[in-house]
Amino acid sequence: MAQPAQSPSQATMPRHVAIIMDGNGRWAKQRARPRTFGHAEGVEALRRTVEAAGELGVAYLTVFGFSTENWRRPAEEVNALFDLLRLYVARDLDKLVREGVRVRVIGAREGLQRDIALIIEDAEARTKNNSKLNLTIAFNYGGQDEIVRAARRAATDVAAGKLQASDIDHKIFESYLDTEELPAADLLIRTSGEFRLSNFMLWQSAYAELVFLDVLWPDFGKEALTEAITIFRARERRYGGSAPDPA
Ligand code: FPP
């Protein structure tokens with residue numbers, strides 16, 4: 001996961017946009033509908049956003065679909081979220097294949113139902129040669145869990161003599177993360193007016209610009225994505241360095 005190459009003065013398009021899709025429950029509540037209705041509308045927002053990301057030239061889009069903490073929700077809601085992943089892939093995979101979208105799913109595979117694991121493997125395999133837009137769905141994902149799993153795998157390799165503990169640096173450690181093939185996040189958006197990372201992309205967001213929008217996820221689409229990108233482009237990124245000299 002290379003450090004983005006652009007200099008601070010080149011406030012350009014974000015290469016990797018990560019989104020915490022929040023507010024489905026409140027959106028449904030405002031309409032006196034069940035939370036699951038909000039999640040279903042959330043899938044429509046996701047479809048619009050994937051389309052918009054492609055149109056706007058975003059190369060990597062990563063979305064938070066189900067967190068390791070979401071298991072604490074009522075079983076009915078958890079099942080609905082799993083059903084929505086099934087439905088989304090069943091309905092959209094052919095189109096994603098055709099349109100050059102590469103699909104990846106990050107998060108723990110353990111604990112997922114067998115059919116979900118197979119759906120994920122199929123979606124990843126069928127899109128593996130695509131490169132127009134990299135869509136990554138974080139599912140059964142937690143940033144701390146990802147880091148712990150990476151540490152465990154690295155430790156296993158050290159114990160097996162495949163890796164020297166003293167050789168572990170940022171780059172090697174990143175190769176054990178679920179996001180091994182993805183660049184660092186440039187722009188992290190959270191909808192619904194909440195100001196938290198909620199365990200999303202903790203490592204990958206080290207230098208991301210954070211944009212919090214006061215829009216509930218089911219209302220998200222090209223307009224809101226464009227707004228977030230406009231905010232991003234007006235920011236000056238320094239990656240821990242000093243401000244550039246005035247021109
Ligand atoms: C947060 O809203 C959203 C989620 C927990 C799940 C996000 C899921 C989707 C957008 C649809 C499913 C998509 C896939 C690919 C499975 P919330 O329920 O926390 O809303 P609230 O904070 O208003 O209650």
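When a ligand or atom number is given, it counts from 1 through the structure's own listing order. These numbers come from a predicted model, not from an experiment.
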Parallel, tilted or perpendicular: which fits the ring planes of [X] and [Y], with parallel below 30° and perpendicular above 60°?
| X | Y | value |
| --- | --- | --- |
| Phe139 | Phe82 | perpendicular |
| Trp71 | Phe66 | perpendicular |
| Tyr141 | Phe200 | perpendicular |

Rounded to the nearest 0.5 Å, the CG atom of Leu213 sits from the CD1 atom of Ile231 at a distance of 5.5 Å

Does Lys171 pair with Glu174 as a salt bridge, N-O distance under 4.0 Å? no

Salt-bridged, Arg104 to Glu180, with N to O below 4.0 Å? no

Below 4.0 Å from any atom of ligand 1, which residues have a heavy atom? Give them in chain and number order, please. Met21, Asp22, Gly23, Asn24, Gly25, Arg26, Arg35, His39, Gly42, Val43, Leu46, Phe64, Gly65, Asn70, Arg73, Leu81, Leu85, Phe139, Trp217

